[in-house]
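A short write-up of the structure that comes next.
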Protein chains: 2
Amino acid sequence: METRELRYFIAVAEELHFGRAAERLGIAQPPLSRAIQRLERRLGAKLLERTSRAVTLTEAGSVLLREGRAALDAVDAADRRTRRAALAAPGHPGLVLVTKAGATTELLSKLLDAYAAEPGAVAVDVLLCGPGEQERVLRDGRADVGLLHLPFDSIAGFDTEELRTETQVAVLPAGHPLTERAHLRMADVTALPGLPLPRWPRLDGTYPDGPGPEVRDHVQLLQLITLGRATAVLPESCRPHLGEGLVAVPVLDAPPVTTVIAWPPHSRSLALAGLIRVAVRL
Amino acid sequence: METRELRYFIAVAEELHFGRAAERLGIAQPPLSRAIQRLERRLGAKLLERTSRAVTLTEAGSVLLREGRAALDAVDAADRRTRRAALAAPGHPGLVLVTKAGATTELLSKLLDAYAAEPGAVAVDVLLCGPGEQERVLRDGRADVGLLHLPFDSIAGFDTEELRTETQVAVLPAGHPLTERAHLRMADVTALPGLPLPRWPRLDGTYPDGPGPEVRDHVQLLQLITLGRATAVLPESCRPHLGEGLVAVPVLDAPPVTTVIAWPPHSRSLALAGLIRVAVRL
DNA sequence: CGCGGCGATACCGCGCGGGTATCGTTCCAG
DNA sequence: CTGGAACGATACCCGCGCGGTATCGCCGCG
């Protein structure tokens, strides 16, 4: 199976429409039809059920969609990591670290400082991305190592080391009655009249339905809270970044947040090993 | 990057010799040379250092070798799992479970029986293979799920659930002086005069150097111990299989052995989920 | 019933993958 | 010092596969 065939199949499986898939791939429709037929013949498996009105995935087709995406990610990762290894000075391949935009910068900067002080440290690029994207970025080679946050991120398929665990706090506008309390419970926070929890974008950029305002990043979020339009439950390490007008109150029954350092299991370069060693010692 | 290019590069990187690599690939040497050149040009990376006497990997080349193997495994996995999904009756894709040949069959048969009794259970094929091969088999799609044994097997890159932990025992020929003891320590067992620990084959089929006899499987091993030519430290679940002439003595400081059920993190078919649920409940 | 949308088929050209022959370099034997 | 052997690169040729355009066959709908 060639990667081109995989890309073609995935395009069709996602669009469920040969014409649109061909357009997305930048080729004409007939070669695409033939490529899929050839792929089906070679695999000995019917991947798509087509009538002249609709295209649907078969059982085998949905298996190939899932497995094929993972395979393409792995191929892309090989490509990207090889290019990066070639760009860097010999013996000094740079590392790319990915973390959630807006997550605590304090742990990260401590890590980067400590690692930079190590003998033989290499340049570390930091890549910030939205929630849920990090796993993808780590899998397809855009990054070599990441800081993930359990239980929000999935660490399926990565090697990890736990770095630290922290409790969560409710962030409220100053002067709100609940700020008088020493601690809260989730039930106190989830249904505050006039102070809904915000809605974060899903992976495809759309927002779930609900009462809260749509937010894209933490700056937006904190501003909305200051304005008395929302509230949020965040890891306690956000405290130093809360400016005037924001108060944090511990939420006793919010799940603890664990920060882990994660990396693809087969990539064991010296530089990466060094960074991980420093992180664990922090 | 096409999978053919990857296969070609990996062959050369492993043989470090264009002629032999071409032979292995079943093509002539000149097209192989050209393919590698084109790959290097497209990646913008020098992968191999060649003189007319020797071929060596560059830094970027060894990155591509490592990442490329993982990528090819993922592509092969997509291929194999799609074929299997197509063969099975619709809605009932069979599962392939891999475990170490000679490992305890008792847990496995309990698992298979319990799962077969579930509503909606699908056929489960069992694949036995040598130590260390299971991870590969699980990664390249020959199996969907496996029983691995920590700390011997690596679970890097898989999702796992622990099934049970057991202590280890020394297996000795009946009548050996140590069989009088209620328990032993590793130091007692490792340096027994005339009773060396056996040598298992490595992944490439060769054996490490040492005094012990070469063994390929557990039948061989137990026979050698019965004959008074070797000893071994095994999980205590081996006890029911020890026939006449073999005695097991607990080894207090041997590392405990944990049996885990492991599966590739992105494969979440209904059938697999059912098997895992049954395993965890056992 | 005719039109439009969609996937399949027919046919064509060219570029790429693969083959054979040969070259250039380097090491080594005599 | 020199000729041969080993090895990767280059030159050149062929055929197939990939991609393109034109068109067909099927089906739902106005």
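Residue numbers begin at 1 in each chain, while the letters A, B, ... track the order of the sequences. Computation of the quantities below employed the complete heavy-atom set of this structure, encompassing side-chain atoms and omitting hydrogens, waters and symmetry-equivalent molecules.
- For residues 30-39 of chain B, the set of pairs meeting the side-chain hydrogen bond (donor to acceptor under 3.5 Å, both in side chains) definition, not counting sequence neighbours, comprises Q29(B)-S33(B).
- Shown for residues 38-45 of chain A: no residue has heavy atoms falling under 4.0 angstrom of DNA chain C.
- Straight-line distance from the CD1 atom of I36(A) to the P atom of dT9(C): 14 Å, rounded to whole Å.
- Judged as a salt bridge (charged side-chain N to carboxylate O under 4.0 Å, His left out), and not counting sequence neighbours, the contacts of R142(A) are D140(A).
- Take Q134(B) and apply the side-chain hydrogen bond (donor to acceptor under 3.5 Å, both in side chains) test, not counting sequence neighbours, and it matches no residue.
- Listed for the T58(A) side chain is a donor-acceptor partner under 3.5 Å among the backbone atoms of L47(A).
- Among residue pairs with one or both ends in residues 124-138 of chain B, those qualifying as salt bridge (charged side-chain N to carboxylate O under 4.0 Å, His left out) are D73(B)-R136(B); sequence neighbours excluded.
- Taking atom CG on L25(A) and atom C1' on dG19(D), their separation rounds to 13 Å, with Å as the unit.
- Remark: P of dG18(C) and CD of E23(B) are 17 Å apart, rounded to the nearest angstrom.
- Annotated stems with DNA chain D as a participant read C:1-30 with D:1-30, given as range with range, by first number; only runs of 3 or more Watson-Crick or G-U pairs under 3.5 Å qualify.
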Short heteroatom pairs, N/O only, protein and nucleotides 20-22 of chain D, under 3.5 Å:
{"residue": "dG20(D)", "atom": "OP2", "partner": "A28(A)", "partner atom": "N", "Å": "2.8"}
{"residue": "dG20(D)", "atom": "O6", "partner": "R34(A)", "partner atom": "NH2", "Å": "3.4"}

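- Counting only distance, with no hydrogens or angles, the side chain of D159(B) and the backbone of W263(B) share no donor-acceptor pair below 3.5 Å.
- Straight-line distance from the CZ atom of R50(B) to the P atom of dT10(D): 9 Å, rounded to whole Å.
- R42(B) meets the side-chain hydrogen bond (donor to acceptor under 3.5 Å, both in side chains) test with E5(B); sequence neighbours excluded.
- Formation of a donor-acceptor pair under 3.5 Å by the H149(A) side chain with backbone atoms of F152(A) is not found in this model.
- Between F18(A) atom CZ and dC6(C) atom P the separation is 13 Å, expressed in whole Å.
- Nucleotides of DNA chain D nearest to G19(B) and L32(A) differ in position, and the one nearer the 5' end is that of G19(B).
- Rounded to whole Å, the distance from CD on E2(A) to P on dC18(D) is 9 Å.
- We find that CZ of R7(A) is positioned 13 Å from P of dG19(D), with the value rounded to whole Å.
- Within the 3.5 Å criterion, the main-chain N or O of T56(A) finds no donor-acceptor partner in the side chain of E49(A).
- In this structure D153(A) satisfies the side-chain hydrogen bond (donor to acceptor under 3.5 Å, both in side chains) test with no other residue, sequence neighbours excluded.
- Checked by atom type and distance alone, the side chain of R7(B) never pairs as donor or acceptor with a backbone atom of L25(B) at under 3.5 Å.
- Distance CG (L48(A)) to C1' (dG7(C)): 11 Å, rounded to an integer number of Å.
- Dashed line: the shortest gap from a side-chain N or O of S33(A) to OP1 or OP2 of dA8(C) is under 4.0 Å.
- Taking every heavy atom of both residues into account, L16(B) and V55(B) meet most closely at CD2-O, 3.4 Å.
- For E161(B), the salt bridge (charged side-chain N to carboxylate O under 4.0 Å, His left out) test picks out no residue, with sequence neighbours left out.
- Under the side-chain hydrogen bond (donor to acceptor under 3.5 Å, both in side chains) criterion, T3(A) pairs with E2(B), sequence neighbours left out.
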- line: In B/S/- notation (B base, S sugar-phosphate only, - none; protein heavy atoms under 4.0 Å), nucleotides 25-30 of chain D written 5' to 3' is -BSS--

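- Among dG17(C), dG8(D), dA9(D), the nucleotide with an atom closest to any side-chain atom of R4(B) is dG17(C).
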